[in-house]
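Read the numbers this way: they start at 1 and go in the same order the structure lists the ligands and their atoms.
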Amino acid sequence: DTRITVAIDGPAAAGKGTISKAVAKKLGFAHLDTGLLYRAVGAKVLAGVEAVEAATSLTAADLEATNLRTPDVAQAASKVAVIAEVRAALVDFQRAFARRLGGAVLDGRDIGTVICPDAEVKLFVTASAEVRAERRYLELTASGHDVSREDVLADVKARDERDMNRAEAPLKPAEDAVLIDTSTLDIDAAVAMALTAIMGKT
Ligand code: C5P
């Protein structure tokens, strides 16, 4: 029986997404980017829907909206993410996904602390704010967004601040999380560290 859950948390642009996808592929596990749930709610709020209403009526189609990776949606996501009722509306879906037969990787901010406190493996992926902002800047400009380095760094810091200091499920490492600082690691090295940590725990 392989109902193994891998919880990967950390701040914006630390490399969670890249590591999660690579690890899920390597292990044959399903992957859920939980940030997408909050982004989908944030996008609905920007379109005029009330936040809790948006969270309780979320559909698969909302997660496939094409404009969820923009800076505006990221900020809106971190604003709706402070609302307890919004978070509560998304819990069951995430927990059901985590217990899928065949294994699951979930990445977010509170997977190891709140959503899956019993996850077999917990990783906390970080990097300095400057390194993260530079990565996000390169991603955004490569996908055609007209942004400045200063604005991207300010956005990353504003989101860190909001995510770490909220009352509900704040961003922090679980006590039993393995820390991976990707500031000076390339993708292959970071993925190798994650896989080593997972193999050691399963
Ligand atoms: O990971 P991503 O940058 O897409 O997440 C967008 C926002 O959603 C985060 O800044 C955070 O406020 C929120 N989030 C959260 N809990 C999660 C995943 C994302 O609060 N598990």
Lys79 heavy atom under 4.0 Å from ligand 1: no
Check if Arg162 has a non-hydrogen atom at a distance under 4.0 Å from any atom of ligand 1.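 Arg162 does not count as a contact of ligand 1 under the 4.0 Å cut-off.
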Is there side-chain contact between Val80 and Val52, with at least one heavy-atom pair below 4.5 Å? no
If you count the atoms of ligand 1 from 1 in the order shown, which ones are under 4.0 Å from a heavy atom of Asp163? 9 (C), 10 (O), 11 (C), 12 (O)
Only heavy atoms of Ala81, strictly under 4.0 Å: list the atoms of ligand 1 that pass.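 Selected atoms, number and element: 12 (O), 13 (C), 20 (O).
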Residue and atom name of the nearest protein heavy atom (relative to atom 4 (O) of ligand 1), distance in Å to one decimal: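 Checked against all protein heavy atoms, atom 4 (O) of ligand 1 sits closest to Arg39 NE, 2.5 Å.
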To which protein heavy atom is atom 3 (O) of ligand 1 closest, and what is the distance rounded to 0.1 Å?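 That would be Arg159 NH1, 2.7 Å.
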From atom 17 (C) of ligand 1, work out which of Arg109, Lys16, Glu168 has a heavy atom at the shortest distance. Arg109
Taking distance alone, with no angle check, do [X] and ligand 1 share an N/O pair under 3.5 Å?
X	result
Gln94	no
Asp33	no
Arg87	yes
Tyr38	no
Thr34	yes

Counting only N and O atoms by type, is there a donor-acceptor contact under 3.5 Å from the side chain of [X] to the main-chain atoms of [Y]?
X	Y	result
Glu168	Arg87	no
Arg3	Arg99	yes
Ser20	Asp107	no

Looking at every non-hydrogen atom in both residues, tell me the closest pair between Ala22 and Val191 and how far apart they are.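 Minimum heavy-atom contact is CB-CG2, 3.7 Å.
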Show the nearest heavy-atom pair for residues Arg109 and Gly10, with the distance to one decimal.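 Heavy-atom minimum between the residues: CD-O, 3.2 Å.
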Are Val86 and Ile115 connected, step by step, through hydrophobic side chains (Ile, Leu, Val, Met, Phe, Trp, Tyr) whose heavy atoms are closer than 4.5 Å?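 They do share one cluster, since a chain of ILVMFWY contacts under 4.5 Å joins Val86 to Ile115.
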Would you give the length of the straight line joining atom OH of Tyr137 to atom CD of Glu150, rounded to the nearest 0.5 angstrom?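 Here the rounded value is 8.5 Å.
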